[in-house]
Amino acid sequence: MTPDGPLQPALPPLLNREQAILEFNRRVLAQARREDVPLLERLRYITIVSSNMDEFFEVRFADAIEALRSVPGASPQRDALRSVAAEAHALIDTQYALFNDELMPELQRKGIVIINHAQRNEAQRAWVDRYFEQQVRPLLVPVGLDPAHPFPQVANKSLNFIVRLGGRDAFGRASSIAIVKVPRALPRVIALPRELCAAGEQGFVLLTSVIRAHLETLFAGRPVESFSQFRVTRDSDLEVDEVDVANLRQAMRTGLTTRHFGEAIRLEVVSTCPEALWRFLLGQFDLPEAALYRVNGPVNLVRLNQLIDQVESPELRFPPYEPAWPERRLPRGQSILARLRQGDVLLHHPYESFDPVVQFLRESVADPDVLAIKMTIYRTGSQSVLMDLLIDATRRGKDVTVVVELKARFDEEANINWAERLEAVGAQVVYGIVGFKTHAKLLLITRREAGPRGQTLLRRYAHLSTGNYNPPTARLYTDAGILTADAQLTADADAVFHQLTSLTRVRSQRHLVTAPFQLHRRLMQHLAAVAQAAAAGQPARVVIKVNALTEPALIGALIAAAQAGAEVDLIVRGACMLPPGIPGVTERVRVRSIVGRFLEHTRVLYFRWGPTDDDEVLYLSSADWMGRNMFRRIEVAWSVRDPALRQRVIDECLVPYLHDRRDAWQQAPDGSYNRIADDGPGAQAALMARYGVIA
């Protein structure tokens with residue numbers, strides 16, 4: 001697509017995207033150092049970084065390696081990849097140092113102890129022995145390697161032991177290497193009975209420690225000379241040729257069976273792993289030494305979430321927070337549909353409850369005058385009250401159309417299962433557009449109503465959101481959504497559904513801007529208008545809040561607006577490739593990132609290009625400013641036209657974040673970040689105090 005607007009300025013070199021992702025994880029890791037964060041939540045940030053790094057290797061780093069295969073010999077891209085790999089090593093080393101040197105001693109001082117085999121007393125060892133024999137041994141299948149027992153298939157991110165054995169096997173052979181897979185069904189963190197712990201202590205053992213203590217019992221008569229835990233991370237992008245498949249759902253279902261065995265990208269072992277063993281593993285997975293990560297602690301810190309969940313010390317967690325039902329705008333017990341006929345309702349999650357969205361659908365399912373329900377599904381979880389309501393609506397005879405995105409990364413299986421359940425009861429299920437992910441969040445209701453002169457009319461109601469239809473994550477992610485009966489906006493939403501199901505051209509929407517058709521062009525036009533106003537000495541302002549900023553043309557247009565004299569503030573949670581603060585180039589651009597208790601997820605876009613109210617526009621959107629969102633996804637953005645709602649979005653979703661001094665980081669021209677302050681006002685804390693109930 002060719003964007004409208006003036007020629008773009010010469011861009012400074014954009015920041016490396018992979019390094020920008022690692023910078024984000026450094027900011028998350030910094031939360032684990034904060035003494036004002038409860039101790040178990042600090043540990044949770046450690047586990048979040050581990051989960052993020054898993055995805056980084058499975059997706060981003062895997063893509064980078066694949067791209068380099070087509071570039072022979074030395075190249076700047078290859079050097080950049082080496083630099084990223086070195087930074088990833090350093091980040092993970094820092095993570096484990098923080099875990100071992102700060103968090104574990106703090107937990108121990110609070111009476112929360114992970115007890116290894118050497119530290120267990122006789123009673124604890126006896127209990128662990130019984131646990132191993134009853135719960136663990138029956139599920140273990142040790143595999144000794146020889147020509148008839150080749151190296152087993154090792155699934156992505158599964159935990160395993162490699163063992164070097166002395167002596168000879170039962171058949172007199174000197175086969176020395178064995179592999180023990182750790183079953184995923186077993187808990188990784190096991191609580192010891194209170195009576196086995198010292199007074200005031202909560203004792204835990206790790207599953208790996210339990211297996212390690214009993215390795216020799218798995219190989220009777222053979223001494224264990226050395227061993228290590230190991231874990232391999234694989235390329236996990238699910239590749240399906242959408243053009244050549246007759247049924248995308250069936251093809252995706254088939255692809256899921258092989259996803260866990262993609263190309264190896266990273267090998268993790270414990271730091272004490274002997275060189276002979278890790279070199280053997282690198283050879284088995286065809287990995288270079290740079291792909292080896294020797295970690296000083298448990299392999300896969302993500303599973304320590306089980307420790308956080310089991311500890312009986314609520315004072316070491318964030319105080320429980322209950323999102324508020326917007327009673328003044330949506331009185332409980334009254335019809336939401338009737339309320340929407342009086343005007344739009346804006347919901348700001350997680351400060352306000354997601355329950356009104358569920359109730360909106362529940363009321364529509366029960367209402368005999370509701371004839372049709374249409375909904376997009378990107379991520380909703382394996383358990384979903386919303387999906388159950390859609391199934392109920394279908395059984396009640398309503399026309400239910402669901403656009404299920406089967407390619408929502410790591411949610412494919414849940415979405416396939418929901419698609420099959422919906423189809424089984426008769427719902428119309430489609431899977432979006434070949435080559436495009438449906439990332440828009442839309443729920444549309446069509447109801448039969450009496451008109452002013454007694455005639456029968458069809459009225460539409462809709463919910464549009466920046467986030468997913470997933471009630472549990474709506475308590476953890478910041479998002480904004482609108483409930484509306486606006487005839488023009490709901491007609492635009494209906495046109496989007498018509499296009500997704502029929503694949504035909506539809507009329508241009510007036511109030512809903514969609515990707516890949518108008519959104520990029522519209523944003524470029526707004527930025528050009530801002531630049532023109534700035535050059536003419538008129539008020540010119542841009543404030544953008546997104547999760548990522550990586551699309552080069554939009555970056556260029558932002559820089560052009562700033563060079564023309566506009567003030568540009570970017571609130572970018574994750575990767576930002578625009579280098580701010582370069583004198584004479586991007587000195588009017590400021591980039592900040594907010595990392596707090598909740599995951600910042602709201603996309604808000606504000607443009608001003610003159611002195612009057614007609615010279616500004618504010619959008620809420622499902623789209624980040626990335627190439628994939630602009631050109632390879634179905635996305636929506638809608639202007640907030642009601643002045644009171646627009647001001648509320650500005651006051652809640654932008655202004656507090658521009659003044660945050662508790663959770664805010666400022667980006668430097670080189671892509672590094674510095675925390676703005678250690679105390680002061682925080683946007684999330686202020687909104688929690690305004691709306692929610694802290695128990």
Backbone N/O of [Y] and side chain of [X]: donor-acceptor pair under 3.5 Å:
{"X": "Arg592", "Y": "Asp660", "answer": "yes"}
{"X": "Gln455", "Y": "Arg453", "answer": "yes"}
{"X": "Gln499", "Y": "Ala495", "answer": "no"}
{"X": "Ser621", "Y": "Val636", "answer": "yes"}
{"X": "Arg339", "Y": "Gly343", "answer": "yes"}
{"X": "Thr478", "Y": "His601", "answer": "yes"}
{"X": "Gln666", "Y": "Ile676", "answer": "no"}
{"X": "Glu551", "Y": "Leu554", "answer": "yes"}
{"X": "Ser313", "Y": "Leu316", "answer": "no"}
{"X": "Trp325", "Y": "Phe354", "answer": "no"}

Original post:
Would Asp392 and Arg362 satisfy salt bridge (charged side-chain N to carboxylate O under 4.0 Å, His left out), going step by step from the backbone distance to the final call?
Top reply: CA-CA 10 Å; Asp392 186 22; Arg362 180 176 284 116; over 6 Å; no
Nearest 0.5 Å, what's the [atom1]-[atom2] distance between [X] and [Y]?
{"X": "Thr602", "Y": "Ile594", "atom1": "OG1", "atom2": "CD1", "value": "11.5 Å"}
{"X": "Asp486", "Y": "Leu512", "atom1": "CG", "atom2": "CG", "value": "11.0 Å"}
{"X": "Leu687", "Y": "Tyr657", "atom1": "CG", "atom2": "OH", "value": "5.5 Å"}

Is it the case that [X] and [Y] place a side-chain donor and acceptor less than 3.5 Å from each other?
{"X": "Gln684", "Y": "Glu600", "answer": "yes"}
{"X": "Gln31", "Y": "Arg34", "answer": "yes"}
{"X": "Asp651", "Y": "Gln647", "answer": "yes"}
{"X": "Asn25", "Y": "Asn52", "answer": "yes"}
{"X": "Asp54", "Y": "Ser51", "answer": "no"}
{"X": "Tyr619", "Y": "Arg522", "answer": "yes"}
{"X": "Gln428", "Y": "Thr501", "answer": "no"}
{"X": "Tyr691", "Y": "Glu652", "answer": "yes"}
{"X": "Glu405", "Y": "Tyr431", "answer": "no"}
{"X": "Asp479", "Y": "His349", "answer": "no"}
{"X": "Thr376", "Y": "Thr438", "answer": "no"}

**OP:** Verify the ring-centre separation between Tyr351 and Phe598: is it less than 6.0 angstrom?
**Re:** yes
Original post:
Hey, would you say the His520 and Phe631 ring centroids sit under 6.0 Å apart?
Top reply: yes
Heavy-atom check, side chain of [X] versus side chain of [Y], under 4.5 Å:
{"X": "Asn468", "Y": "Thr380", "answer": "no"}
{"X": "Val311", "Y": "Arg317", "answer": "yes"}
{"X": "Asn470", "Y": "Pro472", "answer": "yes"}
{"X": "Arg633", "Y": "Phe436", "answer": "no"}
{"X": "Val403", "Y": "Phe497", "answer": "yes"}

How far apart are the closest heavy atoms of [X] and [Y], and which atoms are they?
{"X": "Val604", "Y": "Cys653", "answer": "CG2-CB, 3.8 Å"}
{"X": "Ile336", "Y": "Phe360", "answer": "CD1-N, 3.7 Å"}
{"X": "Val546", "Y": "Ala623", "answer": "CG1-O, 4.3 Å"}
{"X": "Leu527", "Y": "Ala557", "answer": "CD1-CB, 3.5 Å"}
{"X": "Leu549", "Y": "Leu558", "answer": "CD2-CD1, 4.0 Å"}
{"X": "Ile445", "Y": "Leu361", "answer": "CD1-CD1, 4.4 Å"}

**OP:** Report the C-alpha distance between Glu616 and Arg646 in whole Å, list the side-chain angles of each, state the deciding distance to 0.1 Å, and finish with yes or no for salt bridge (charged side-chain N to carboxylate O under 4.0 Å, His left out).
**Re:** CA-CA 11 Å; Glu616 73 169 3; Arg646 183 167 64 243; 3.5 Å; yes
Does the distance from a Lys or Arg side-chain N to an Asp or Glu carboxylate O, for [X] and [Y], drop under 4.0 Å?
{"X": "Arg648", "Y": "Glu352", "value": "yes"}
{"X": "Arg460", "Y": "Asp494", "value": "yes"}
{"X": "Asp624", "Y": "Arg603", "value": "yes"}
{"X": "Glu449", "Y": "Arg341", "value": "yes"}
{"X": "Glu567", "Y": "Arg590", "value": "yes"}

Original post:
Cation-pi between Arg573 and Phe24: NZ/CZ under 6.0 Å from ring centre and within 45° of the ring axis?
Top reply: yes
Subject >> cation_pi(Lys441, Tyr469) dist<6.0 Å, angle<=45 >> reply: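 Because its charged atom misses either the 6.0 Å distance or the 45° angle limit, Lys441 does not stack over Tyr469.
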**OP:** Please step through side chain to side chain contact (heavy atoms under 4.5 Å, CB included) for the pair Ile544 and Asp569, ending with a clear verdict.
**Re:** CA-CA 7 Å; Ile544 304 297; Asp569 280 287; over 6 Å; no
**OP:** Carefully, step by step, assess Ser622 and Thr466 under the rule side chain to side chain donor-acceptor pair (under 3.5 Å).
**Re:** CA-CA 4 Å; Ser622 64; Thr466 67; over 6 Å; no
Is the [atom1] atom of [X] crowded by more than 12 outside heavy atoms at less than 6.0 Å?
{"X": "Arg510", "atom1": "CZ", "answer": "no"}
{"X": "Gln488", "atom1": "CD", "answer": "yes"}
{"X": "Arg332", "atom1": "CZ", "answer": "yes"}
{"X": "Glu315", "atom1": "CD", "answer": "yes"}

Original post:
So Arg541 and Phe607, side chain to side chain contact (heavy atoms under 4.5 Å, CB included) or not? Walk me through it.
Top reply: CA-CA 6 Å; Arg541 186 88 163 95; Phe607 307 90; over 6 Å; no
Original post:
Step by step, would you call Val542 with Trp609 a side chain to side chain contact (heavy atoms under 4.5 Å, CB included)?
Top reply: CA-CA 9 Å; Val542 178; Trp609 56 84; over 6 Å; no
**OP:** Just do the salt bridge (charged side-chain N to carboxylate O under 4.0 Å, His left out) check on Arg662 and Asp36 with the steps written out, would you?
**Re:** CA-CA 10 Å; Arg662 185 184 186 279; Asp36 60 339; 3.0 Å; yes
**OP:** Decide yes or no on salt bridge (charged side-chain N to carboxylate O under 4.0 Å, His left out) for Asp367 and Arg447, but give the supporting numbers first.
**Re:** CA-CA 9 Å; Asp367 188 340; Arg447 186 174 187 268; 2.6 Å; yes
